Participant: 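Below is a structure I'd like to ask you about.
Side chains are part of it too, since the values below use all heavy atoms of this structure and drop only hydrogens, waters and symmetry mates. As the structure is a computational prediction, the values presented were derived from the model and not from experiment.
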Amino acid sequence: MLLTVLIAEDDPKMRRVLKKVAEENNDIRVVGEAADGTKALMLFEKLQPDVVLIDINLPGKDGVNLAREIFDLDPWTRLVFITALDQYREEAFSVYACDYIVKPFKMDRLRQTLDRLRSGPVAGQDLSGLSHLAEADTGALRLFHTGSKMVVLELKDILFITREGRRTVIYHTNGLLETNEPLQTLTEELGGYPFMRTHKGFTVNLKMVREIIPVNRWTYELVMAHTTRRPLMMWDKLRQLEQALGNRKRT
């Protein structure tokens with residue numbers, strides 16, 4: 001599968017280096033380059049790349065804010081920070097950075113990251129222990145507003161909820177639907193387990209999770225039933241889930 005890449009870097013020499021390394025692999029193609037954050041966002045909306053290589057110190061719009069806006073538009077985009085500034089690492093991973101590479105770096109470091117993104121993660125953690133937790137009534141029905149009409153869903157059929165293109169999208173066993181209702185509002189109304197806010201961009205029905213796969217030290221992908229889409233989970237949310245499972249098993 002072809003992996004498309006957008007480069008957001010104000011140094012033209014570094015852009016050339018990044019493009020050269022990326023396109024060493026026939027399965028990777030650089031589809032756009034931008035020297036400032038504002039142009040990078042415009043190119044992202046136009047090109048919809050799979051991966052964005054982002055410098056922090058960009059004119060017009062800095063790399064962290066650029067990453068936040070990209071994430072709000074498409075939470076599936078892989079964000080890789082390549083920067084001389086080490087102090088923004090925590091902020092970068094808060095918006096789901098796949099990696100944070102500090103300049104100067106060896107080209108093999110970037111090659112490894114791109115190979116991992118192209119191949120995908122491989123090692124997972126089984127989540128069968130979820131059945132030990134007490135659960136809410138997921139047989140309940142709920143009305144969801146979808147513009148000019150309302151749709152009825154059983155809560156048990158919801159896979160996860162996310163934000164895409166400034167709309168809230170509900171993935172369920174028979175497809176998906178878009179709503180104007182905020183993600184935070186829906187999360188609160190779902191009333192706890194098995195629904196969990198695993199990441200700022202995702203609320204997940206944990207009973208639909210089949211595996212938890214590490215992407216990096218801070219972030220995990222969730223392999224779901226009924227879909228190939230993989231919502232995200234931050235490491236602190238996984239710790240909370242592990243504690244809940246452990247406490248339940250000891251009672």
Side-chain angles (χ1 to χ4, degrees), residues 1-9 14-34 37 40-41 43-56 58 63-64 66-83 88-125 160 162-164 198-202 210-224 227-235 238:
M1 185 180 71
L2 182 68
L3 195 72
T4 56
V5 176
L6 171 65
I7 299 172
E9 166 64 63
M14 179 57 71
R15 286 201 304 274
R16 286 195 294 270
V17 169
L18 296 177
K19 181 176 182 179
K20 180 179 179 181
V21 172
E23 293 191 335
E24 288 175 350
N25 194 306
N26 292 331
D27 293 335
I28 300 175
R29 184 173 77 240
V30 174
V31 294
E33 301 176 41
L41 186 63
L43 285 176
F44 174 81
E45 294 191 71
K46 177 183 178 181
L47 301 171
Q48 296 294 297
D50 302 308
V51 179
V52 185
L53 307 181
I54 305 175
D55 186 16
I56 294 284
L58 288 173
V64 173
L66 171 62
R68 288 195 179 103
E69 294 192 42
I70 288 173
F71 184 88
D72 287 340
L73 290 170
D74 185 353
W76 308 107
T77 307
R78 300 318 195 219
L79 307 173
V80 177
F81 287 83
I82 301 177
T83 177
Y88 293 97
R89 188 182 299 267
E90 184 174 346
E91 284 186 79
F93 283 109
S94 74
V95 289
Y96 182 45
C98 288
D99 207 345
Y100 193 98
I101 301 174
V102 179
K103 302 173 185 174
F105 60 92
K106 295 182 178 180
M107 291 303 109
D108 280 345
R109 176 73 171 80
L110 177 58
R111 291 186 183 102
Q112 290 170 5
T113 296
L114 292 173
D115 284 346
R116 174 167 53 83
L117 293 177
R118 184 177 56 84
S119 304
V122 294
Q125 174 181 337
F160 63 91
T162 186
R163 294 282 299 173
E164 295 179 8
T198 59
H199 184 282
K200 75 170 190 173
F202 296 90
R210 296 298 175 261
E211 282 187 286
I212 298 177
I213 297 178
V215 176
N216 53 52
R217 181 180 173 185
W218 296 268
T219 313
Y220 299 81
E221 287 184 346
L222 304 179
V223 178
M224 309 293 295
T227 181
T228 58
R229 290 288 200 175
R230 293 183 176 184
L232 308 174
M233 173 177 275
M234 297 300 291
W235 70 272
L238 178 58

Participant: Of all heavy-atom pairs between Ile54 and Gly63, which one has the smallest distance, and what is that distance?
Facilitator: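 Of all heavy-atom pairs spanning Ile54 and Gly63, the closest is CG2-CA, 3.6 Å.
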
Participant: For the pair Thr162 (side chain) and Phe202 (backbone), establish whether a donor and an acceptor sit closer than 3.5 Å, ignoring hydrogens and angles.
Facilitator: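 No, because the side chain of Thr162 does not come within donor-acceptor range (under 3.5 Å) of the backbone of Phe202.
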
Participant: Under the side chain to side chain contact (heavy atoms under 4.5 Å, CB included) rule, what do Val51 and Leu6 come out as? Steps first, then yes or no, please.
Facilitator: CA-CA 6 Å; Val51 179; Leu6 171 65; over 6 Å; no

Participant: Looking at side-chain heavy atoms only, is the closest gap between Arg210 and Met224 below 4.5 Å?
Facilitator: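 Not in contact.
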
Participant: Would you say that Val5 contacts Arg29 through its side chain, given a criterion of any heavy-atom pair below 4.5 Å between the two side chains?
Facilitator: no

Participant: I'd like to check Leu114 versus Ile28 (side-chain heavy atoms, cut-off strictly below 4.5 Å). Are they in contact?
Facilitator: yes

Participant: How about Phe160 and Thr198: do any of their side-chain heavy atoms sit closer than 4.5 Å?
Facilitator: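 They are not in contact (no side-chain heavy atoms under 4.5 Å apart), so the answer is no.
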
Participant: Check whether any side-chain heavy atom of Gln112 lies under 4.5 Å from a side-chain heavy atom of Asp99, and answer yes or no.
Facilitator: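 Not in contact.
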
Participant: State the CG-CG distance between Leu3 and Asn26, to the nearest 0.5 angstrom.
Facilitator: 13.0 Å

Participant: Nearest 0.5 Å, what's the CD-CD1 distance between Glu33 and Ile7?
Facilitator: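 Result: 5.0 Å between the selected atoms.
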
Participant: So, the side chain of Glu9 versus the backbone of Leu53: is there a donor-acceptor pair under 3.5 Å, distance only?
Facilitator: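 Such a contact is absent between Glu9 side chain and Leu53 backbone.
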
Participant: Atom NE2 in His199, atom CG in Leu238: separation rounded to 0.5 Å?
Facilitator: 13.5 Å

Participant: Is the side chain of Thr4 donor-acceptor paired with the backbone N or O of Asp50 at a distance under 3.5 Å, no angle test?
Facilitator: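 A pair under 3.5 Å: yes.
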
Participant: Might you work through the side chain to side chain contact (heavy atoms under 4.5 Å, CB included) test for Phe44 and Glu69, ending with a clear yes or no?
Facilitator: CA-CA 10 Å; Phe44 174 81; Glu69 294 192 42; over 6 Å; no

Participant: Do Arg111 and Val21 touch side chain to side chain, with heavy atoms closer than 4.5 Å?
Facilitator: yes

Participant: Using only atom types and a distance under 3.5 Å, with no angle test, would you say the side chain of Arg230 pairs donor to acceptor with the backbone of Thr228?
Facilitator: no

Participant: Stepwise, does the side chain to side chain contact (heavy atoms under 4.5 Å, CB included) test hold for Leu117 with Val80?
Facilitator: CA-CA 10 Å; Leu117 293 177; Val80 177; 3.9 Å; yes

Participant: Calculate, to the nearest 0.5 Å, the distance between atoms CG and CZ belonging to Leu110 and Phe105 respectively.
Facilitator: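 Answer for the CG-CZ pair, Leu110 versus Phe105, is 5.5 Å.
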
Participant: If you take all heavy atoms of Ala22 and Val30, which pair is closest and at what distance?
Facilitator: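 Nearest heavy atoms, Ala22 then Val30: CB-CG2, 3.9 Å.
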
Participant: State whether the number of non-hydrogen atoms from other residues, nucleotides or ligands found under 6.0 Å of Lys103 atom NZ is greater than 12.
Facilitator: yes

Participant: Taking all atoms of both residues into account, what is the closest heavy-atom pair of Val31 and Leu47, and its distance?
Facilitator: O-CD1, 3.4 Å

Participant: Please round to the nearest 0.5 Å and tell me the distance separating atom CG of Asp55 and atom CZ of Arg15.
Facilitator: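 Asp55 atom CG to Arg15 atom CZ measures 10.5 Å (nearest 0.5 Å).
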
Participant: Answer whether the closest heavy-atom distance between the side chains of Val52 and Ile70 falls below 4.5 Å.
Facilitator: yes

Participant: Could you report the tightest heavy-atom contact between Pro231 and Trp76, atom names first, then the distance?
Facilitator: N-CZ3, 3.7 Å

Participant: Which pair of heavy atoms, one from Ala34 and one from Leu43, lies closest together, and at what distance?
Facilitator: CB-CD1, 4.0 Å

Participant: Is there a side-chain contact between Leu41 and Leu73, using heavy atoms and a 4.5 Å cut-off?
Facilitator: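 Side-chain contact under 4.5 Å: yes.
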
Participant: Might you point out which heavy atoms bring Tyr100 and Arg109 nearest each other, and give the distance in Å?
Facilitator: O-NH2, 3.7 Å

Participant: Would Met234 and Thr219 count as a side chain to side chain contact (heavy atoms under 4.5 Å, CB included) if you check the C-alpha gap in whole Å, the side-chain angles of each, and the deciding distance to 0.1 Å?
Facilitator: CA-CA 5 Å; Met234 297 300 291; Thr219 313; 4.0 Å; yes

Participant: What distance separates Asp115 CG from Asn25 CG, expressed to the nearest 0.5 Å?
Facilitator: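 Here the rounded value is 6.0 Å.
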
